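Report on the following structure.
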Amino acid sequence: HERINTAEIQTRLEKVVQDGNNDNPDTPLFPADEITEFIDMMQVYEGAMYEISTKLEVLDSEFHVHFAHDPIHHMERRLKSVNSILGKLKRRELPMRTKSIRDNMFDVAGIRVICNYRDDVYSVANFLSSQSDIQVLRVKDYIKNPKQNGYRSLHVIYAVPVFLSTGEHYTPVEVQFRTIAMDYWASLEHALRYKSDLPDTRLNEHSQTLLDCARSLQNIETQMQNIHRDINGAPQQEEA
Ligand code: GTP
Ligand code: MG
């Protein structure tokens, strides 16, 4: 496990404080006396992220042992960078304070769980959600209700208790559950949206093609899911 780099966070925050606020030179972009609090907060988010990943690893290995099936293909996790945290506060016109991060931001700690099949997405998510020590704060099911652009994934925000010397701190972690096919699609759509300077006409063309791809992938996934169910003796429920 690679630990959180507190020195880097400190350097970035100090730079932000020094450079000040372009829009409003009288107020700093971030208060200098909250740097330590910010670093402490990030350490708690890191702890919460590790706790949820461990729970997911335990579930995956239980499935492996009992059912000879690994529901999780792989996982990715990240802590939001200082720049994206402050950028998001600014965009949402929230005060540049650690308190407003704690109260308003639920994706500082993020985990992406990439599963083999759609059934795995729901079983892993449901087993995690039913654990007695964690709370489900929010669910967005973009698999049942895909976004207009074709994006599919199940987003759950959990709150998990992190035990520190000062007691327990319930801390949010955003988990995105998706299949390999959904991840394949989302990566390309993300690249198109954030990394491309193509002219609008080409962007629109690609977006339309991506929407078609999303539908095709959904069909392929359903057909493969049905074969997998048949092999494993589960009833076939879905129409391709
Ligand atoms: P923001 O985090 O501010 O976007 O708001 P939110 O948390 O209400 O949004 P939501 O739960 O819908 O999405 C959170 C995350 O899901 C994003 O940061 C992305 O990682 C991912 N996501 C959502 N929509 C899309 C999409 O259309 N395409 C791709 N590639 N990823 C998406
Ligand atoms: Mg988000």
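Residue numbers count from 1 along this sequence. Nothing here was measured: the structure is a model prediction, and the numbers come from that model.
Annotation: cation-pi pair Lys144/Tyr122 present, NZ/CZ under 6.0 Å from the ring centroid and within 45° of its normal.
Inter-residue side-chain proximity for His74 and Ile180 is flagged as unmet; no heavy-atom pair is nearer than 4.5 Å. Between Met42 and Val82, the closest side-chain pair of non-hydrogen atoms is not below 4.5 Å. Ile52 places none of its side-chain heavy atoms less than 4.5 Å from the side chain of Met49. By the 4.5 Å heavy-atom criterion applied to side chains, Val113 and Val175 are counted as neighbours. Considering only heavy atoms from C-beta on, Pro172 comes within 4.5 Å of Tyr45 through its side chain. Side-chain contact between Asp200 and Leu203 is present, with at least one heavy-atom pair separated by less than 4.5 Å. The side-chain heavy atoms of Glu34 and Lys99, taken from C-beta on, include no pair separated by under 4.5 Å. For the pair His69/Asp120, a side-chain contact is recorded, criterion being any heavy-atom separation below 4.5 Å from C-beta on.
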Walk me through whether Glu37 and Arg102 qualify under salt bridge (charged side-chain N to carboxylate O under 4.0 Å, His left out).
CA-CA 11 Å; Glu37 199 184 330; Arg102 263 200 218 99; 3.6 Å; yes
Kindly determine whether Arg152 and Glu221 satisfy salt bridge (charged side-chain N to carboxylate O under 4.0 Å, His left out), including the steps that lead there.
CA-CA 12 Å; Arg152 293 184 306 140; Glu221 202 177 63; 3.2 Å; yes
Please lay out, stage by stage, how Leu192 and Ser207 fare under the test side chain to side chain contact (heavy atoms under 4.5 Å, CB included).
CA-CA 8 Å; Leu192 180 69; Ser207 302; 4.0 Å; yes
Trace of the side chain to side chain contact (heavy atoms under 4.5 Å, CB included) decision for Leu154 with Arg178
CA-CA 6 Å; Leu154 174 65; Arg178 51 170 77 148; over 6 Å; no
Apply salt bridge (charged side-chain N to carboxylate O under 4.0 Å, His left out) to Glu51 and Lys55, showing your working.
CA-CA 6 Å; Glu51 283 187 30; Lys55 283 172 173 295; over 6 Å; no
Could you walk me through whether Glu76 and Ile111 pass the side chain to side chain contact (heavy atoms under 4.5 Å, CB included) test, one step at a time?
CA-CA 6 Å; Glu76 293 161 13; Ile111 302 177; over 6 Å; no
Walk me through whether Leu211 and Gln208 qualify under side chain to side chain contact (heavy atoms under 4.5 Å, CB included).
CA-CA 5 Å; Leu211 186 55; Gln208 189 52 53; 4.2 Å; yes
Test log, rule side-chain hydrogen bond (donor to acceptor under 3.5 Å, both in side chains), inputs Glu14 and Gln18:
CA-CA 6 Å; Glu14 278 166 357; Gln18 256 167 33; over 6 Å; no
What do the steps show when you test Glu46 against Arg3 for salt bridge (charged side-chain N to carboxylate O under 4.0 Å, His left out), and what is the final call?
CA-CA 8 Å; Glu46 184 191 46; Arg3 294 248 140 230; 3.4 Å; yes
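His73 and Asp183 share no side-chain donor-acceptor pair at under 3.5 Å. Side-chain N/O atoms of Gln225 and Arg118 include no donor and acceptor closer than 3.5 Å. Side chains of Ser153 and Gln176: a donor-acceptor N/O pair is absent below 3.5 angstrom, by distance only. Checked by atom type, the side-chain pair Asp60/His64 shows no donor-acceptor distance below 3.5 Å.
Transitive grouping of hydrophobic side chains (ILVMFWY, heavy atoms separated by less than 4.5 Å) brings Val156 and Ile143 into a common cluster. The hydrophobic clustering, which links ILVMFWY residues whose side-chain heavy atoms are closer than 4.5 Å, places Leu59 and Val136 together. At a threshold of 4.5 Å between side-chain heavy atoms, the hydrophobic network of Ile, Leu, Val, Met, Phe, Trp and Tyr places Leu89 and Phe106 in two separate groups. In terms of hydrophobic clustering, with Ile, Leu, Val, Met, Phe, Trp and Tyr side chains grouped at heavy-atom distances under 4.5 Å, Met105 and Met41 are assigned to a common cluster. Neither Val124 nor Ile114 shares a network with the other; the hydrophobic side chains, linked directly or stepwise wherever heavy atoms of I, L, V, M, F, W or Y lie under 4.5 Å apart, form separate groups for each.
Using a 30° and 60° split on the angle between ring planes, Phe63 and Phe127 fall in the perpendicular class, above 60°. In this structure, Trp185 and Tyr151 have tilted ring planes: the angle between them lies in the 30° to 60° band.
Taking NE2 from His228 and CG from Asn116, the interatomic distance works out to 7.0 Å, rounded to the nearest 0.5 Å. Residue Ile4 holds its CD1 atom at 7.0 Å from OG1 of Thr6, rounded to the nearest 0.5 Å. Taking CZ of Phe38 as the reference point, atom CD1 of Ile85 lies at 4.0 Å (rounded to 0.5 Å). In this structure, Asp40 CG and Leu164 CG are separated by 9.0 Å, a value rounded to the nearest 0.5 Å. In this structure, CG on Asp119 lies 4.0 Å from CZ on Arg229, to the nearest 0.5 angstrom. Arg77 contributes atom CZ, which lies 4.0 Å from atom OG of Ser53 (distance to the nearest 0.5 angstrom).
Contact record, Ile72 with Leu56: CD1-O, 3.6 Å, taken as the closest heavy-atom pair. Across every non-hydrogen atom of Pro161 and Ile134, the tightest pair is CD-CG2, 4.5 Å. When all heavy atoms of Pro31 and Val17 are compared, the closest pair comes out as C-CG2, 4.4 Å. Taking every heavy atom of both residues into account, Leu128 and Phe177 meet most closely at CD2-CZ, 4.1 Å. When all heavy atoms of Met96 and Leu86 are compared, the pair lying nearest together is CE-O, 3.5 Å. In terms of heavy atoms, Ser129 sits closest to Tyr158 at OG-OH, 3.0 Å.
Side-chain N or O atoms of Gln135 include none that pairs as donor or acceptor with a backbone N or O of Ala159 at under 3.5 Å. Of the possible polar contacts, none joining the Asp19 side chain to the Val16 backbone as a donor-acceptor pair under 3.5 Å is found. A donor-acceptor contact shorter than 3.5 Å links the side chain of Arg78 to the backbone of Val108. Counting only distance, with no hydrogens or angles, the side chain of Asn104 and the backbone of Ser100 share a donor-acceptor pair below 3.5 Å. Remark: the backbone N or O of Gln218 is paired with a side-chain donor or acceptor of Thr222 at under 3.5 angstrom.
Surrounding CE of Met224 are at most 12 heavy atoms belonging to other residues, nucleotides or ligands under 6.0 Å away.
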